[in-house]
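Sequential numbering from 1 along the given sequence is applied to the chain's residues. Values reported hereafter were calculated over all heavy atoms of this structure, with side chains retained and with hydrogens, waters and symmetry mates removed.
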Amino acid sequence: MIDLGNPRTIKISSDTTELLAQIDGSLAEFNKLRPLDRDTEVRIKMAFLPDRVTASLNMEGIIATRRQTLAVLDAMTLNENSSKTEQEILNALEADEYTFEGSQDIKGLSEHFIREINALIERRIGEAPGAFRLRDISISQAVFKPPSHYEVPQLITRLVDIYNNGGFEHAVVGAVWLHNRFTYIHPFLDGNGRTGRLLQDYCLLKGGLFPTGIPSAKRDDYYDALASADANDWNPLIQIVALRELEVIAKAFAVANERQERSAWIKALARKASDKKAGALYKQYLVWSHKMSEIRAVFEYAAREFNEASEFIIVHIDNFDLIDFSVWKEICERGHSTKTWSFSLTFQVENQRLFKYVFYFRRHKFNRSDIFNSSAPIVGLFVTGGAYEDKYEFSGKFVDSGVRLREVLFFHEETYEYIGIGEYDKDLHGHFVEITTCNYVDDINLIVQKFFEDILLKKIGI
């Protein structure tokens, strides 16, 4: 019989430990906003639920879209003409809700609870929903073979006992251990991946954190990290979940604290990072990445709220993985890197895509409009774009008379915007460059509002 191991002996690297500490600090700041009103709680839940459910289905090769998930979520019922995909979505939504309800129960994890999650996932689809497999199986492209079906009941009992005895260093560590060990046992004929990710979310919720799922864009990294955990290297999987948790907290903060001053918790994290010399650069990156996630979340929330209010114009937003520490350092050193897109906004009028704007990262170029003094490299969030079919400029020299925003900068706990004024002057090399103004911004929503007004009023002409 396989050894499930002792989660209390999991070795965690210093970088992973720092990530977990950042989660605790971020959550503590978010908890200062509580208790939240019911409307805010619902808005936060809906900010994550559709994407989390869709991603978990996509991870298993089930082709579902966010739009389909929203449609099923709105009705929470099917008709006789519903597709198999719609049944998969409904099952996933009900299993997610069951997981949330179970996390609020004072009782611990149980075999019955695990079976019920799988039964909901596989309802009307699987061969034996909620029943442990009665035959041995193998997993294509996996380096391990699940244990014999004869061992499954005893292993699940052992898994539940170990988890309920607690003693994890952090809720994220417990969630990752439960997820990996369950997946290794593979107790059901199908739906093990989705069940495992919901068990992970159950553990995070039990620990007072947000459910994260696993973004489908992280599919390859996720499977590699599971394999590493099988070999007793838990850091890659813990870091994937921890980084996602930090993104979720930042986005929840943006929703809960909309149109209110947001800098206090960022400043607290920045001060905490500056208090310690060891790993200062990495901590600086973590604080910066929190702010970039928050900025993106505000743009995303504004786009979705606009879509709900508009019947004439649709704003599509596509998010990309936030650049990791190595890319961030490369930008600081070289000025630029590849694949640095943060998100894009596409404006569609009556089914015709007219304009697309891409927000990406490169090093800030110091100029006479700066209202602060520094010689240290700073990674800025730049914008480029224009007509939907045009080629875009990613050199930081984007110019559009109808769009004022050129760059958003986060430096020494403060946020700045750079606005193009449509006039030009020579730089130190004799090249003509656009003159910009640098403004301190205490509310990210103001940046978003001005950008949307430029596109909708000046470019589209509503």
Using ring centroids (six-membered ring only for Trp), state whether [Y] and [X] fall under 6.0 Å.
X    : Y    : answer
Y282 : W328 : no
F451 : F359 : yes
F372 : F411 : yes

So which atom in W341 and which in K356 form the shortest heavy-atom distance, rounded to 0.1 Å?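 Nearest heavy atoms, W341 then K356: CZ3-NZ, 4.4 Å.
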Main chain of [Y], side chain of [X]: is a donor-acceptor contact present, judged purely on distance under 3.5 Å?
X    : Y    : answer
D454 : V403 : no
N118 : P129 : no
Y360 : G396 : yes
R244 : G213 : no
R67  : A64  : no
N58  : S216 : no

Would you mind reporting whether [Y] and [X] have side-chain heavy atoms less than 4.5 Å apart?
X    : Y    : answer
L409 : T415 : no
L246 : S26  : yes
P211 : L204 : no
F188 : E122 : no
E294 : I444 : yes

Parallel, tilted or perpendicular: which fits the ring planes of Y418 and H364, with parallel below 30° and perpendicular above 60°?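 Tilted.
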Got a sec, which pairs hit salt bridge (charged side-chain N to carboxylate O under 4.0 Å, His left out) with one end in residues 51-65, sequence neighbours left out?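 Sorted result for residues 51-65: D51-R66, D51-R304, R52-D96, R52-D201, E60-R197.
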Do any pairs count as a salt bridge (charged side-chain N to carboxylate O under 4.0 Å, His left out) and have a residue in residues 331-347, sequence neighbours left out, and if so which ones?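 The answer is E330-R334.
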Partners of K459 by salt bridge (charged side-chain N to carboxylate O under 4.0 Å, His left out), sequence neighbours excluded?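 By the salt bridge (charged side-chain N to carboxylate O under 4.0 Å, His left out) rule, K459 matches D400.
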Tell me, please, which residues at least two apart from E417 pass salt bridge (charged side-chain N to carboxylate O under 4.0 Å, His left out).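 Listed in chain order: K450.
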Are N79 and S82 close enough that a side-chain donor and a side-chain acceptor fall under 3.5 Å?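 Per modelled atom types, N79 and S82 side chains form a pair under 3.5 Å.
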Excluding sequence neighbours, so at least two apart, what forms side-chain contact (heavy atoms from CB on, under 4.5 Å) with V349?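 By the side-chain contact (heavy atoms from CB on, under 4.5 Å) rule, V349 matches F312, I313, L354, I460.
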Apply side-chain contact (heavy atoms from CB on, under 4.5 Å) to S293 and list each qualifying residue two or more places apart in sequence or on a separate chain.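 E247, A250, L322.
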Does NZ or CZ of K45 come closer than 6.0 Å to the centre of the six-membered ring of F100, within 45° of the ring's axis?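 Here K45 passes the 6.0 Å and 45° test against F100.
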